[in-house]
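Read the structure below first, then the notes.
Below, chain A is the first sequence line, B the second, and so on; all start at residue 1. Since we're looking at a predicted model, the values are computed, not measured.
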Protein chains: 2
Amino acid sequence: MTDTKTSTSGRQSYHHGDLQQSLLQAATEMIAEGGTESLSMRKLADRVGVSRTAPYHHFKDKNELLCAIAEQGFRRQESILNRAREASGTESLQAVFRQYVLTYIESAHQHREQYDLMFGREIWRNGQPTASLQQLSKESFQNWLHWVTELQQAGLLRGEDPLRTAQVTWATLHGLCRLLNDGIYTEASHLQQMCDSAIAMMLN
Amino acid sequence: MTDTKTSTSGRQSYHHGDLQQSLLQAATEMIAEGGTESLSMRKLADRVGVSRTAPYHHFKDKNELLCAIAEQGFRRQESILNRAREASGTESLQAVFRQYVLTYIESAHQHREQYDLMFGREIWRNGQPTASLQQLSKESFQNWLHWVTELQQAGLLRGEDPLRTAQVTWATLHGLCRLLNDGIYTEASHLQQMCDSAIAMMLN
DNA sequence: CAATCAATCTTGACAGTGTCAAAATATCGC
DNA sequence: GCGATATTTTGACACTGTCAAGATTGATTG
């Protein structure tokens, strides 16, 4: 009768047509608005216009849904890092590095709730990270490790053991993100200054 | 009739006698065992041997209870820092600083769940931090800032603006704690190496 | 086209949660 | 001993995640 199926707007047939994708999108929005805690499976189902338990045919768990959303975040991070590494030929390494740090933290701040989800206890402690999420996050760090190794060899970054250096520098970025996101001890307005201070600490 | 009141062991009278303290203690234990999420007001009441809503006469909220527990954590941190600063006269500054970093991270790891509570979203984002908790955490950072300023003046730490330096160095510590606690990208067995790597980055 | 089958969605149900209101009980100041 | 006050309890409500069983549809065959 009416147009339904893959159309993202009109749904009144029994089968939604594209529930999985709609769920992901709506859930991402809800998390962005009010954090993981404001996302309940029931409200989500309501928002998409479907019954409470319908989502369970596309995601085994709430946990699995959250993992899927976290994965998207890791993919965004990956693309940010890749863009930076690609630009490494054109500009000065230090400028590229600084830009990356800024972009990383700004992106984490812009998608703060998703960032919290990516590294928060909700997934990594309470729930269980999906196999694919684990792999993705591992690859993400491997990417960082590779770049840090290069930057070290180029004489830009301090430190000896590349692995330790990668861990510590990343911990610094991560710590800053968390502090900014949670508003502890820091204010968002000081972002640039703190970044520069952090970079100065890491540089050779 | 029977001995009750302030006695911490025997309770069978209507009035518990020392509920507030017992609640705090039991809640701390439960959190240490299974994290914030495994602590429910009802289970807590059960554990202390009291009815579901009794705790609400001593803590307005679950939030307030959590804040009280977080406060204890801040007090422990404060004493760790104070001990370090007191020892600054006897030993070499660098050795004292290294010892502090190690102790901080080890303590955060030992009381990981409480540490997550102290800086996690549960309190600082979902709930609302108590006025006293806010003050305590602010003082905690002020303490750190003071020491960092001293260490900078003594030529031990890098950086220019003491505030930025304090923020960034602390973010590094905090980031390491979180990674260790959540087991992301790091293993607890590398703790010492990572600490030394981090310290090398901060030193002048 | 008709019949079967698998995918998809819904309704009903259960145990668990935080927390409010009203009632019960004990302790303390007089 | 009596009344005020502090403390604890029972009942109730709305909300959560998720399981089991039934209803509805679209796809696949004969």
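- Checking dT9(D), dT11(C), dT19(C) against the side-chain heavy atoms of Lys62(B) singles out dT19(C) as nearest.
- Between Arg125(A) and Glu37(B), none of the side-chain N atoms (NZ, or NE/NH1/NH2) sits under 4.0 Å from a carboxylate O, so this pair counts as no salt bridge.
- Atom NZ of Lys43(B) is separated from atom C1' of dT17(C) by 10 Å (rounded to the nearest Å).
- His58(B) has its NE2 atom 17 Å from the P atom of dG18(C), to the nearest Å.
- With rounding to whole Å, Leu44(A) atom CG is found 12 Å from dT18(D) atom P.
- Side-chain to base pairing of Thr53(B) with dT8(D): no donor and acceptor N or O lie closer than 3.5 Å to each other.
- Rounding to whole angstrom units, OH of residue Tyr56(A) and P of dG17(D) are separated by 6 Å.
- Of the listed nucleotides (dT19(C), dT8(D), dG17(D)), dG17(D) has the atom at the smallest distance from the side chain of Met41(A).
- Atom NZ of Lys60(A) is separated from atom P of dT18(D) by 8 Å (rounded to the nearest Å).
- Whole-Å rounding puts the Arg52(B) CZ to dA21(C) P distance at 16 Å.
- A salt bridge does not link Glu122(B) to Lys62(B): none of the charged nitrogens lies less than 4.0 Å from a carboxylate oxygen.
- In the set dC9(C), dT16(D), dT17(C), the nucleotide with an atom closest to the side chain of Leu19(A) is dC9(C).
- Atom NE2 of His57(A) is separated from atom P of dT11(C) by 12 Å (rounded to the nearest Å).
- Contacts of Phe74(B) classified as ring-ring contact (aromatic ring centres under 6.0 Å, His included), with partners at least two apart in sequence or in another chain: Phe119(B).
- Out of dG17(D), dT10(C), dT8(D), the shortest distance to the side chain of Ser51(B) is found at dT8(D).
- Taking the side chain of Val50(B) as heavy atoms from C-beta on, and the options dC9(C), dT16(D), dT9(D), the nearest nucleotide is dT9(D).
- Residue Arg42(A) places a side-chain atom within donor-acceptor reach of the base of dG17(D), judged by atom type and a 3.5 Å distance cut-off alone.
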For residues 156-163 of chain A, dump all side-chain donor-acceptor pairs below 3.5 Å to protein atoms at least two apart in sequence or in another chain.
unit_1    : atom_1 : unit_2    : atom_2 : d
Arg158(A) : NH1    : Ala200(B) : O      : 3.1
Arg158(A) : NH1    : Met201(B) : O      : 2.7
Asp161(A) : OD1    : Leu163(A) : N      : 3.0

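- Electrostatic pairing of Glu33(A) and Arg47(A) counts as a salt bridge here, judged by a charged N lying under 4.0 Å from a carboxylate O.
- Per the geometry, CZ belonging to Phe59(A) stands 12 Å off P belonging to dT8(C), to the nearest Å.
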